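I have placed the structure first, in the form of structure tokens, so that the comments after it can refer back to it.
Everything quoted here is computed from the prediction, not taken from an experiment. In what follows, chains carry the letters A, B, and so on, assigned in the order in which the sequence lines appear, proteins first and then strands, with residues in each chain numbered from 1.
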There are 2 protein chains.
Amino acid sequence: MGITPSTVSRALAGNERVSSKTRAEVLRVATGMGYQPNILAASLRKGTSDTVGMIVPRINRHFFSHVISGVEAILNPAGFSLLISQTHEREEDEHKAVHTLLRNRVSAIIVSHSVETRNFDHYDKIVSEGIPLVQFDRVTETIAGPRIVNDNFLGALRSTRHLIRNNCRRIAHFAGSLHVNVYRERFEGYKYALQQNGIDFDSGLLVENCILQETGGDAAEELYRAGKIDAIFAASDFSALGALRRLKRMGVAIPEEIKISGFANEPFAALVDPGLTSVEQNAFEMGNQVARAIINNIGRDDFVNEEIHVPVRLIPRSSSLTTGATISIQNSEFNSNL
Amino acid sequence: MGITPSTVSRALAGNERVSSKTRAEVLRVATGMGYQPNILAASLRKGTSDTVGMIVPRINRHFFSHVISGVEAILNPAGFSLLISQTHEREEDEHKAVHTLLRNRVSAIIVSHSVETRNFDHYDKIVSEGIPLVQFDRVTETIAGPRIVNDNFLGALRSTRHLIRNNCRRIAHFAGSLHVNVYRERFEGYKYALQQNGIDFDSGLLVENCILQETGGDAAEELYRAGKIDAIFAASDFSALGALRRLKRMGVAIPEEIKISGFANEPFAALVDPGLTSVEQNAFEMGNQVARAIINNIGRDDFVNEEIHVPVRLIPRSSSLTTGATISIQNSEFNSNL
DNA sequence: GTTTTTTGTGCAAACGTTTGTATTTTTGTA
DNA sequence: TACAAAAATACAAACGTTTGCACAAAAAAC
């Protein structure tokens with residue numbers, strides 16, 4: 001009978017230098033008594049846990065919950081558990097979360113920064129301790145390691161170009177905080193599309209920090225009344241929605257008078273009337289990529305320092321189409337060149 | 001200098017039998033060297049961790065992600081971390097998740113069962129080991145301990161009554177699986193409302209397992225063509241949405257010809273045209289209650305065996321209102337009596 | 001039949017805390 | 001100054017694994 005802890009440990013840890021007879025016996029007894037190994041003890045001894053920490057601004061946002069789900073789909077079958085913290089977009093909470101995860105001796109950390117966060121020093125300790133750190137969506141190049149991001153630039157470029165092709169010239173852009181890579185890249189894509197089509201960028205048509213329904217509505221009303229625009233490209237579906245509803249309520253014909261497109265393809269985009277053109281991000285797929293990056297980097301000391309772009313897709317809907325145009329829902333112009 | 005681990009431990013664990021001088025010194029040195037206590041070691045020694053496990057069907061569903069957020073909002077400040085698993089509605093995954101959490105020596109478990117799950121034996125070990133188990137939303141009385149649920153019965157009753165008051169008599173009910181408490185209770189509320197108003201329940205108007213957009217559309221089309229209904233009360237906003245869109249596409253006037261109400265007040269309910277009447281569940285508040293139940297039950301051996309009902313609210317919108325009626329959005333007929 | 005190799009187990013230390021008990025130091029009192 | 005009581009600290013065991021090393025038994029080689 002396998003008596004000593006060492007033999008039991010070896011038997012349960014799969015093949016090693018233990019005879020098949022004793023292994024069978026150990027397994028029999030173990031399952032018989034409903035034995036559950038104490039992961040804490042094992043982790044303590046091994047110096048590493050099978051837990052991965054994840055820090056997101058908010059768990060209950062459509063995008064983030066889908067990324068989490070994508071991460072989980074890969075990491076769980078691989079034997080990892082997920083320890084999740086939300087920062088509520090506060091820098092202080094982000095710092096706290098990092099410390100909590102470190103205290104829990106997670107073997108890797110996944111993070112999407114809060115919009116507030118400017119100081120990334122607290123991540124130095126993670127990297128210096130050899131813990132893989134994977135950033136996604138809201139990332140900074142300040143920190144070494146893999147970054148998984150949407151192709152914001154290309155999405156914005158395509159969306160803006162789509163509006164231009166539908167005969168818009170005076171296209172407003174509702175941006176987020178330009179401190180955040182995500183919104184900066186969308187802004188760049190917008191500008192690039194204008195430039196490609198010989199349209200001068202007009203800073204009067206740029207509205208910063210405009211990602212909520214209300215601010216979107218306000219900005220749209222103001223710009224429309226001033227007669228400045230014939231289209232809006234919003235970096236957020238929410239501000240696009242605000243614009244759409246406000247203008248509609250004001251009696252503005254959409255898309256005839258003003259065309260609108262958003263970003264993220266929130267579930268409501270397909271349901272509003274008229275349907276809201278948007279850029280689909282594959283959040284679940286992004287989560288998968290994040291998880292794969294984690295697995296690739298755990299246990300090694302030289303982290304790959306790459307930025308992976310997850311393809312996005314323009315989904316044209318009625319809110320941006322020239323009246324009478326056919327809607328090609330299957331426009332799947334994936335990440336080709338520009 | 002506080003040298004021995006014991007003094008350090010006591011110093012950091014707040015007041016005890018250690019002089020204020022040494023405590024200060026210990027703290028100084030500890031912060032100076034960026035000391036992070038090893039929670040694994042502490043948990044191993046103490047026999048309990050500050051981690052709570054949570055099992056949900058899907059992380060990325062609006063309702064569940066909001067419950068998670070609500071749990072986290074209370075548990076994190078209280079010093080607990082959340083270990084989350086999703087079951088993808090599969091019984092096998094639920095069993096696995098339970099074992100993973102047990103191996104991780106979580107100090108409590110929160111669960112909402114998958115629709116598939118019929119066998120709850122694997123929870124016996126949890127309860128017998130004295131680990132608090134809190135169920136929410138999808139619960140079973142088979143397992144002892146707190147259950148936090150929506151007031152499905154009352155929500156369904158009010159919703160159905162609302163349709164009746166708007167002159168509907170032949171009200172179909174799109175239900176989920178009646179094996180699941182949630183859908184069973186909604187069905188009961190529906191029947192009770194009919195009975196209260198002298199309407200006979202017609203089993204031909206009950207559609208089981210109808211909670212998706214597509215099945216909702218199909219059922220609605222069939223019932224409408226057969227001329228059997230003047231209203232639909234769906235146990236899910238998704239099947240309600242399916243019905244609404246399908247009928248609208250068929251040229252049926254909503255609410256004039258057919259009135260529709262759903263359940264859950266998904267974000268899209270307010271945005272579709274016409275607005276979809278629904279029953280709002282306060283998922284975040286439910287999460288708070290779950291967290292409080294956890295905190296109340298951790299460390300005690302006699303678990304309170306109660307069922308807490310979280311109030312729901314009927315939100316009437318155009319899809320169910322007699323034409324010309326005023327919409328009282330502020331109908332906040334909270335959990336009073338029937 | 002002896003020696004060498006291979007294979008399978010046991011021993012004991014280690015991971016970093018916590019905590020009961022023993023020991024030292026300090027304080028107070030006679 | 002001596003002695004008890006109180007306060008502060010040290011000692012050591014324990015939590016449940018893993019793992020290098022030693023050792024025994026079996027198998028292979030001579």
Side-chain angles (χ1 to χ4, degrees), chain A residues 1-51 79-81 83 99-107 125 129-131 298-299, chain B residues 1-51 79-81 83 99-107 125 129-131 298-299:
Chain A
M1 283 221 320
I3 307 183
T4 67
S6 36
T7 335
V8 174
S9 172
R10 286 192 256 257
L12 295 176
N15 330 26
E16 247 178 292
R17 325 197 318 261
V18 39
S19 74
S20 44
K21 199 176 64 178
T22 34
R23 178 179 6 268
E25 174 67 5
V26 167
L27 284 177
R28 202 182 56 74
V29 174
T31 56
M33 68 189 286
Y35 169 80
Q36 292 285 11
N38 187 327
I39 287 196
L40 275 56
S43 299
L44 175 60
R45 171 61 231 245
K46 291 197 287 193
T48 169
S49 77
D50 288 340
T51 303
F80 292 95
S81 299
L83 212 47
H99 287 133
T100 304
L101 295 180
L102 284 179
R103 276 202 303 275
N104 276 281
R105 295 302 192 269
V106 293
S107 55
K125 184 186 291 176
E129 291 200 6
I131 299 173
I298 272 183
Chain B
M1 284 220 318
I3 307 183
T4 66
S6 38
T7 339
V8 173
S9 172
R10 286 193 251 259
L12 295 176
N15 331 22
E16 246 179 292
R17 324 193 324 255
V18 40
S19 74
S20 44
K21 200 177 62 177
T22 32
R23 175 173 15 263
E25 173 68 4
V26 167
L27 283 178
R28 202 183 55 75
V29 174
T31 56
M33 67 188 287
Y35 169 80
Q36 292 284 13
N38 187 327
I39 288 195
L40 274 56
S43 298
L44 176 60
R45 171 62 231 243
K46 291 198 288 195
T48 170
S49 77
D50 288 340
T51 302
F80 291 96
S81 299
L83 211 49
H99 287 132
T100 303
L101 295 179
L102 285 179
R103 275 202 304 274
N104 276 281
R105 295 304 192 266
V106 293
S107 56
K125 184 186 291 177
E129 290 200 6
I131 299 174
I298 271 182

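- Contact annotation: T7(A) side-chain N/O to dT9(C) OP1/OP2 distance is not under 4.0 Å.
- Screening residues 34-44 of chain A for salt bridge (charged side-chain N to carboxylate O under 4.0 Å, His left out) gives no qualifying pairs among residues at least two apart or on separate chains.
- Under the side-chain hydrogen bond (donor to acceptor under 3.5 Å, both in side chains) criterion, S6(B) pairs with T4(B), sequence neighbours left out.
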Using a cut-off of under 3.5 Å, enumerate the N/O to N/O pairs linking the protein to nucleotides 20-24 of chain C.
| unit_1 | atom_1 | unit_2 | atom_2 | d |
| --- | --- | --- | --- | --- |
| dG20(C) | O6 | R10(B) | NH2 | 2.8 |
| dT21(C) | O4 | R17(B) | NH2 | 3.3 |

Show me, pair by pair, the donor-acceptor contacts under 3.5 angstrom made by side chains of residues 42-51 of chain B, not counting sequence neighbours?
| unit_1 | atom_1 | unit_2 | atom_2 | d |
| --- | --- | --- | --- | --- |
| S43(B) | OG | I39(B) | O | 2.9 |
| S49(B) | OG | T51(B) | N | 3.2 |
| S49(B) | OG | R105(B) | O | 2.8 |

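- With dT17(D), dG10(C), dT19(C) as the candidates, the nucleotide lying closest to the side chain of S9(B) is dT19(C).
- Of the inter-residue distances, the one linking T22(B) atom OG1 with R10(B) atom CZ reads 11.5 Å to the nearest 0.5 angstrom.
- One interatomic measurement links the two molecules: CZ of R23(B) to C1' of dT9(D), which rounds to 13 Å at whole-angstrom precision.
- With values rounded to the nearest 0.5 angstrom, N38(A) atom CG is found 11.0 Å from L102(B) atom CG.
- Taking atom NZ of residue K21(A) and atom P of nucleotide dT7(C), one finds them 17 Å apart after rounding to whole Å.
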Determine whether I298(A) and I131(A) satisfy the following criterion, side chain to side chain contact (heavy atoms under 4.5 Å, CB included), listing intermediate values before the conclusion. CA-CA 8 Å; I298(A) 272 183; I131(A) 299 173; over 6 Å; no
Strictly under 3.5 Å: I want the nitrogen or oxygen pairs between protein and nucleotides 13-15 of chain D, one per line.
| unit_1 | atom_1 | unit_2 | atom_2 | d |
| --- | --- | --- | --- | --- |
| dA14(D) | N3 | R45(B) | NH1 | 3.4 |
| dC15(D) | O2 | R45(B) | N | 3.3 |

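- By the side-chain contact (heavy atoms from CB on, under 4.5 Å) test, P37(A) is found to be paired with Y35(A), R103(B), residues two or more places apart in sequence or in another chain being considered.
- The salt bridge (charged side-chain N to carboxylate O under 4.0 Å, His left out) contacts involving residues 27-36 of chain B comprise E25(B)-R28(B), where partners must be two or more places apart or lie in separate chains.
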Show your working on side chain to side chain contact (heavy atoms under 4.5 Å, CB included) between V26(A) and T7(A) and close with a plain yes or no. CA-CA 9 Å; V26(A) 167; T7(A) 335; 5.8 Å; no
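- What separates CZ of R103(A) from P of dG16(C) is a distance of 17 Å, to the nearest Å.
- Of the candidate nucleotides dT17(C), dC11(C), dG8(C), dC11(C) has the atom lying nearest to any side-chain atom of T4(A).
- Distance, N104(A) CG to dT17(C) C1': 14 Å, rounded to whole Å.
- Each end of the helix from dG1(C)-dC30(D) to dA30(C)-dT1(D) yields a helix axis from five base pairs, and these two axes differ in direction by 50° (to the nearest 10 degrees).
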